[in-house]
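Here is the structure we will look at.
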Protein chains: 2
Amino acid sequence: MPVGLNSTDLDRLDEVVNIRRKVKRGDLLFRNGEAFTSLYAIKTGFFKTCVTTEDGREQVTGFQMAGEIMGLDGIVSDHHSCNAIALEDALVCVLPFSHLETLSRDFPALQHHMHKIMSREIVREHGVMLLLGNMRAEERLAAFLLNLVQRLHARGFSQSELVLRMTREEIGSYLGMKLETVSRTFSKFSEDGIIDVKQRDVRILDTNALTQLYNPQPCN
Amino acid sequence: MPVGLNSTDLDRLDEVVNIRRKVKRGDLLFRNGEAFTSLYAIKTGFFKTCVTTEDGREQVTGFQMAGEIMGLDGIVSDHHSCNAIALEDALVCVLPFSHLETLSRDFPALQHHMHKIMSREIVREHGVMLLLGNMRAEERLAAFLLNLVQRLHARGFSQSELVLRMTREEIGSYLGMKLETVSRTFSKFSEDGIIDVKQRDVRILDTNALTQLYNPQPCN
DNA sequence: CGATGGCTTGAGATGTTTCAACCCACGTGG
DNA sequence: CCACGTGGGTTGAAACATCTCAAGCCATCG
């Protein structure tokens with residue numbers, strides 16, 4: 001990641017990255033209320049994070065895939081404030097946060113990288129707020145699919161085919177709609193020839209139409 | 001803020017804090033797309049931050065008051081991705097970000113403080129997502145009022161009286177509802193004897209009822 | 001004092017949810 | 001290897017909350 005390091009430096013960096021942890025599908029990587037010690041970098045697998053209320057409502061706050069960082073929520077209070085659940089068997093790097101802080105004092109590149117990661121998460125959440133506050137069901141699902149496929153593509157997967165690792169209910173929770181509405185909207189897209197859906201397999205037939213939906217032009 | 005500093009240290013810290021900037025009501029502190037150079041700490045005044053879409057939709061992402069930090073969105077891309085607009089005449093401390101990064105390498109307490117600030121923002125946004133994704137109009141407004149009054153109280157203001165610095169439309173944008181719905185919900189609370197509203201002056205008569213609304217007990 | 005922006009309220013339209021029934025795919029165990 | 005059970009997904013119809021459009025009111029300020 002950063003540059004211009006000698007071998008001692010590399011050893012120190014290695015120290016922070018060499019703890020691994022396996023998480024089985026359905027298991028929690030960390031849970032709401034748990035003491036915060038580490039950030040987690042996903043090596044393989046797929047996660048959801050969600051917050052809950054006392055009366056049992058659940059809001060999925062994000063879906064995370066390989067290369068993404070989880071656990072930032074825990075820094076502020078030394079306790080996690082959400083649950084991280086593996087949607088498929090996963091392997092993560094455990095990054096003890098105090099080590100990260102120590103190291104990033106010596107490596108400005110690492111320091112800046114951490115700041116960027118947190119800032120990116122803040123900006124991502126702004127986008128979700130826009131989606132939840134302003135968009136209708138079709139726009140939400142279009143935005144969701146485009147975002148997913150774009151992130152998968154950046155990891156070498158297809159630009160047009162994807163396998164959903166989450167249920168309709170989880171998609172709905174993330175997008176602020178009920179699972180039935182998610183299902184109906186998938187069907188609508190399918191009828192319109194925009195996508196092909198068969199359960200969790202989705203093939204995007206008309207990316208342009210999705211983009212249009214997500215980002216409608218102002219009517220001049 | 002941090003502890004155990006000699007006078008040279010204090011001078012260095014002072015350097016980063018002694019730039020002030022006045023912002024008049026209605027003016028932008030920074031705008032979407034603008035180059036990112038600094039964070040801003042509010043000394044006095046009240047701001048909103050909002051993101052916009054090409055087709056002109058606007059989502060208020062937060063309201064900020066004295067003591068709070070703005071501009072974290074700019075770190076990831078070196079450009080701001082939202083607008084910060086003063087809702088009343090304001091004074092901010094300009095905190096050049098590169099100075100902050102340099103300083104926080106020498107002051108672990110400052111470093112950790114910055115991490116906490118970013119983490120706090122992430123957690124706050126989780127809460128907003130929960131609100132936007134799961135709650136109904138009354139719950140949203142109750143949550144909003146309770147949050148505002150709590151933050152004001154922490155700054156020495158009343159626990160029960162507040163003056164809204166934002167319009168119904170801005171509240172609505174933040175809470176994902178139309179201004180008419182905001183207005184109606186205020187009226188409903190007023191009819192129910194929970195609050196007293198006269199334009200922007202709000203007096204909370206029954207905090208308990210608001211809490212109940214926001215956080216309904218599971219029906220046993 | 002009039003203009004303006006912000007706020008309130010009503011009535012009808014709309015999109016999403018709710019409730020219900022049904023279907024399908026998958027995995028397990030007989 | 002098939003049968004069955006189960007969780008997930010689909011679809012329909014009615015209920016509901018919020019939005020839209022419209023009119024009118026109020027406070028503020030030049």
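Sequence lines set the chain letters: A, B, ... in the order given, protein chains first and strands last, and positions in each chain run from 1.
- Across the protein-nucleic acid pair, A/Arg25 atom CZ and D/dG7 atom C1' stand 11 Å apart, rounded to whole Å.
- To the nearest angstrom, P of C/dC7 lies 13 Å from CZ of B/Arg165.
- The terminal axes of the helix from C/dC1-D/dG30 to C/dG30-D/dC1, fitted over 5 pairs per end, subtend an angle of 30° to the nearest 10°.
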Enumerate, atom names and distances included, each donor-acceptor pair closer than 3.5 Å involving a side-chain atom of residues 173-183 of chain B, sequence neighbours excluded.
{"from": "B/Ser173", "atom 1": "OG", "to": "B/Glu58", "atom 2": "O", "distance (Å)": "3.1"}
{"from": "B/Ser173", "atom 1": "OG", "to": "B/Val60", "atom 2": "N", "distance (Å)": "2.9"}
{"from": "B/Tyr174", "atom 1": "OH", "to": "B/Arg124", "atom 2": "NH1", "distance (Å)": "3.2"}

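- Heavy atoms of B/Ser187 sit under 4.0 angstrom from primed sugar atoms or phosphate atoms, though from no base atom.
- One interatomic measurement links the two molecules: CG of B/Asp201 to P of D/dA27, which rounds to 12 Å at whole-angstrom precision.
- Listed by chain and residue number, B/Ser158, B/Arg203 satisfy the side-chain contact (heavy atoms from CB on, under 4.5 Å) test with B/Glu161 (two or more places apart in sequence, or in another chain).
- What you find for A/Leu72 and A/Glu121 is that their closest heavy atoms are CD1-CB, 4.2 Å.
- Between the B/Arg200 side chain and the B/Leu162 main chain, no donor and acceptor come within less than 3.5 Å of each other.
- Within the 4.0 Å cut-off from OP1 or OP2 of C/dA25, not a single side-chain nitrogen or oxygen of A/Arg200 is found.
- Judged by distance alone, the side chains of A/His126 and B/Gln59 never bring a donor and an acceptor atom under 3.5 Å apart.
- With respect to B/Arg25 and B/Glu88, no salt bridge is recorded, no charged nitrogen being found less than 4.0 Å from a carboxylate O.
- Remark: A/Arg57 engages B/Glu139 in a salt bridge, criterion side-chain N to carboxylate O under 4.0 Å.
- Taking atom CG on A/Asn134 and atom P on C/dT16, their separation rounds to 13 Å, with Å as the unit.
- Taking atom CG of A/Leu179 as the reference point, atom P of D/dT10 lies 10 Å away to the nearest angstrom.
- Of the candidate nucleotides C/dT8, C/dG6, D/dT10, C/dG6 has the atom lying nearest to any side-chain atom of B/Thr167.
- A donor-acceptor pair under 3.5 Å links the side-chain atoms of B/Arg140 to the main chain of B/Leu132, judged by distance alone.
- Atom OG1 of B/Thr52 is separated from atom CG of B/Asn83 by 5.5 Å, given to the nearest 0.5 angstrom.
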Would you tabulate the pairs of protein nitrogen or oxygen atoms and nucleotide nitrogen or oxygen atoms of nucleotides 24-26 of chain D closer than 3.5 angstrom?
none

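- Computed from coordinates, the B/Glu169 CD to C/dT4 C1' distance equals 15 Å when rounded to whole Å.
- For A/Asp192 (side chain) and A/Ile194 (main-chain N/O), no donor-acceptor pair under 3.5 Å exists by modelled atom type.
- The separation between A/Lys188 atom NZ and D/dG12 atom C1' is 17 Å, rounded to whole Å.
- Taking atom CD1 of A/Ile195 as the reference point, atom C1' of D/dG9 lies 14 Å away to the nearest angstrom.
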Name each donor-acceptor pair under 3.5 Å that joins a side chain in residues 27-39 of chain A to protein atoms two or more places apart or in another chain, with its distance.
{"from": "A/Glu34", "atom 1": "OE1", "to": "A/Arg31", "atom 2": "N", "distance (Å)": "3.1"}

Report all interatomic pairs (protein N or O, nucleotide N or O of nucleotides 17-22 of chain D) with separations under 3.5 Å.
{"from": "D/dT18", "atom 1": "OP1", "to": "B/Ala137", "atom 2": "N", "distance (Å)": "2.7"}
{"from": "D/dC19", "atom 1": "OP2", "to": "B/Lys178", "atom 2": "N", "distance (Å)": "3.2"}
{"from": "D/dC19", "atom 1": "OP2", "to": "B/Thr181", "atom 2": "OG1", "distance (Å)": "2.4"}
{"from": "D/dT20", "atom 1": "O4", "to": "B/Arg184", "atom 2": "NH2", "distance (Å)": "2.7"}
{"from": "D/dC21", "atom 1": "N4", "to": "B/Glu180", "atom 2": "OE2", "distance (Å)": "3.2"}

